[in-house]
There are 2 protein chains.
Amino acid sequence: MAERIAAVGAGLVGRAWSIVFARAGFEVALWDPVEGAVEKALGLVDQALPELAEADLLRGATPAETRGRMRAAASLADALAGVVHVQESAPERVEVKRGLWRELDAAAPADAVLASSTSGIPASAFTEGLKGGARCLVAHPINPPHIVPLVELVPAPWTAPETVERTAALMRAVGQRPIPLAREVKGFVVNRLQGALLAEAFKLVEDGVCGVDDVDAAIADGLGLRWSFIGPFETIDLNSPTGVRGYCEMLGPLYYELAKEQAEARPWGAELVAKIEAARRARLAAGDITSRAQWRDRRLAHLVGAKAEADRKFGQ
Amino acid sequence: MAERIAAVGAGLVGRAWSIVFARAGFEVALWDPVEGAVEKALGLVDQALPELAEADLLRGATPAETRGRMRAAASLADALAGVVHVQESAPERVEVKRGLWRELDAAAPADAVLASSTSGIPASAFTEGLKGGARCLVAHPINPPHIVPLVELVPAPWTAPETVERTAALMRAVGQRPIPLAREVKGFVVNRLQGALLAEAFKLVEDGVCGVDDVDAAIADGLGLRWSFIGPFETIDLNSPTGVRGYCEMLGPLYYELAKEQAEARPWGAELVAKIEAARRARLAAGDITSRAQWRDRRLAHLVGAKAEADRKFGQ
């Protein structure tokens with residue numbers, strides 16, 4: 001019999017997680033305290049599955065097979081019965097998570113891992129004192145996880161190493177790419193990297209060096225192309241015939257000079273934010289943000305398919 | 001008759017530029033002071049063109065048509081005769097460029113733009129005092145420019161605005177994506193953005209938060225996917241139903257806290273570089289760096305083709 005997983009919270013993130021686990025063969029029980037939320041989520045899943053099958057994002061399963069492995073749980077206890085893993089995707093409010101996690105820890109099987117999708121609240125803020133604290137951690141996806149593979153695994157100080165290892169193994173088994181963090185840090189890894197880039201992007205616009213669209217082009221028509229299949233370290237490794245060492249000997253001093261220029265921490269002031277907002281609204285009307293986000297997800301799905309094709313054609 | 005362009009310097013960058021201009025219909029004269037360098041470059045172009053045609057990267061021209069628009073110039077004066085634009089891709093040494101640019105300014109037609117491919121030397125360092133200083137600027141590509149469209153246009157203090165405008169128009173006409181900078185800044189825009197990301201990447205490894213491969217995965221299997229077709233500003237604009245303004249209200253304070261944690265400028269020490277080098281060499285032998293860079297360029301070409309397909313299928 002297939003192993004069971006509980007998806008607790010049936011919003012955008014929980015819904016996407018249920019696809020990740022179900023397409024990989026797990027039986028997924030969805031639960032949400034909001035009346036009708038699970039039915040709504042399953043309806044949206046029904047709508048999404050055919051397009052995912054067409055983009056070859058169901059790991060060979062059909063929409064019907066995938067959907068057949070998902071069910072609406074009658075209660076939280078029902079959702080948790082017999083599961084090996086709980087993926088919590090509740091609202092990002094620590095007091096909500098504290099109450100919910102007491103229930104999860106009390107009701108889930110003693111050997112199930114409890115994972116939170118939170119993008120920024122460390123597990124220590126809502127798992128302290130839980131009897132099963134050692135089996136709790138953060139498993140933060142990049143939205144939407146059924147298209148983007150990365151998952152950050154962030155342990156609390158009391159999380160058992162085995163919990164991280166088991167979650168990493170589960171994530172690899174369902175086709176995600178887990179990265180384990182050694183400890184809790186603010187913003188985890190992904191948002192620390194994003195924050196560093198954004199800080200400089202905001203400064204370039206604030207200082208009048210270039211425009212908002214120009215910064216976006218610098219990445220989307222420039223560096224972002226290679227970053228979509230090799231990361232920043234492999235990028236510099238391949239930019240010198242003698243690898244990272246040669247690159248750092250040649251350019252380390254320049255980057256240190258740059259780092260000193262870039263050191264100032266600047267808040268994003270109202271005037272600057274208004275300038276960037278105006279530039280974005282000139283490109284995309286406020287009423288079109290939601291449909292543009294759907295366009296982004298279609299492009300992401302297409303890109304992930306193209307990467308898989310390139311992996312086959314040219315090697316990984 | 002087609003307009004003429006001179007590619008001065010026939011190394012990796014100059015060779016790629018000659019493909020950019022020739023496939024778009026310009027007559028390109030290549031010149032290099034090193035004996036045999038142009039013949040070698042044209043031989044490598046002959047090898048590269050069929051694969052570019054297959055990846056639909058010749059703008060509909062055949063390899064023979066593209067190659068037919070390139071010639072080896074007999075001398076610098078021959079290369080410069082009748083050109084509208086000179087793209088200089090000489091070695092990255094300011095004393096080399098100073099001497100060369102005196103020659104370029106003296107011998108090129110008075111109405112030709114002189115552009116340097118330099119990745120880091122500001123135009124003011126080698127065009128000061130030239131009679132034609134107003135027609136000089138930096139046009140820095142992301143390698144290789146026949147695959148990656150972005151070009152940074154960086155004026156010296158004496159560059160005429162018209163020079164930047166004409167170069168931007170030329171770059172758009174040949175299918176590149178120019179971004180004009182308002183003034184010279186260290187590292188220009190692309191390497192300032194890359195530097196900000198690298199600074200945090202090096203710190204995450206130095207501080208033991210995660211490994212080298214994990215940082216690369218955080219980008220290549222995470223944020224880098226969307227950055228390959230929307231930049232950092234559009235990314236955050238689509239991450240809130242109320243756009244950049246809503247995103248900044250919600251997350252600006254967190255990113256300011258992060259920026260304060262990230263403010264310290266750190267040199268890349270020998271021990272840290274050795275650690276990253278060791279992690280990279282465990283993934284890729286030193287002897288395989290060159291062939292891996294060729295693999296990267298094939299993947300880039302495939303990705304650019306996939307982006308064009310997605311543009312047609314889902315809109316830009």
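Within every chain, numbering begins at 1; the chains are lettered A, B, ... in the order of the sequence lines, protein sequences first and strands thereafter. Excluded from the calculations below are hydrogen atoms, water molecules and symmetry mates; all remaining heavy atoms, backbone and side chain alike, are included.
- Of the two parts of A:K307, the backbone and the side chain both hold a non-hydrogen atom closer than 4.5 Å to a non-hydrogen atom of chain B.
- A:I289 touches chain B through backbone and side chain together, each having a heavy atom under 4.5 Å away.
- Interface remark: A:V185 contributes side-chain atoms only to the contact with chain B (heavy atom separation under 4.5 Å).
- Residue A:R283 does not touch chain B at all, counting heavy-atom pairs closer than 4.5 Å.
- Both the backbone and the side chain of B:P149 come within contact range of chain A, each with at least one heavy atom under 4.5 Å from a heavy atom of that chain.
- Proximity to chain A (any heavy atom under 4.5 Å) is restricted, for B:Y255, to the side chain, taken from C-beta onward.
- The side-chain heavy atoms of A:I219 and A:W227, taken from C-beta on, include a pair separated by under 4.5 Å.
- Side-chain atoms of A:Q294 and A:D297 include no donor-acceptor pair closer than 3.5 Å.
- Your options are A:R245, A:R280, A:E200, and the one with the most heavy-atom pairs under 4.5 Å with chain B is A:R280.
- The part of A:L198 that comes within reach of chain B is its side chain, from C-beta onward, which places non-hydrogen atoms under 4.5 angstrom from that chain.
- Considering only heavy atoms from C-beta on, A:K186 stays 4.5 Å or farther from A:N191 through its side chain.
- Considering only heavy-atom pairs separated by less than 4.5 Å from chain B, the leading option among A:E249, A:R266, A:E152, A:Q176 is A:R266.
- For A:F314, the parts lying under 4.5 angstrom from a heavy atom of chain B are both the backbone and the side chain.
- Looking at A:Y247, the atoms closer than 4.5 Å to chain B (heavy atoms on both sides) all sit in the side chain, from C-beta outward.
- Residue A:L204 touches chain B through its side chain alone, counting heavy-atom pairs closer than 4.5 Å.
- In terms of heavy-atom proximity, A:L150 sits nearest to B:A217 at CD1-O, 3.4 Å.
- Heavy atoms closer than 4.5 Å to chain A are found in the side chain of B:L303, but not in its backbone.
- With a 4.5 Å cut-off on non-hydrogen atoms, B:R177 touches chain A through its side chain but not through its backbone.
- The cationic group of B:R292 lies under 6.0 Å from the six-membered ring centre of B:W295 and within 45° of the ring axis, placing it in a cation-pi geometry.
- Side-chain contact between B:T118 and B:E92: present, with at least one pair of heavy atoms (C-beta onward) separated by less than 4.5 Å.
- Residue contact with chain B, scored on non-hydrogen atoms closer than 4.5 Å, is absent for A:V151.
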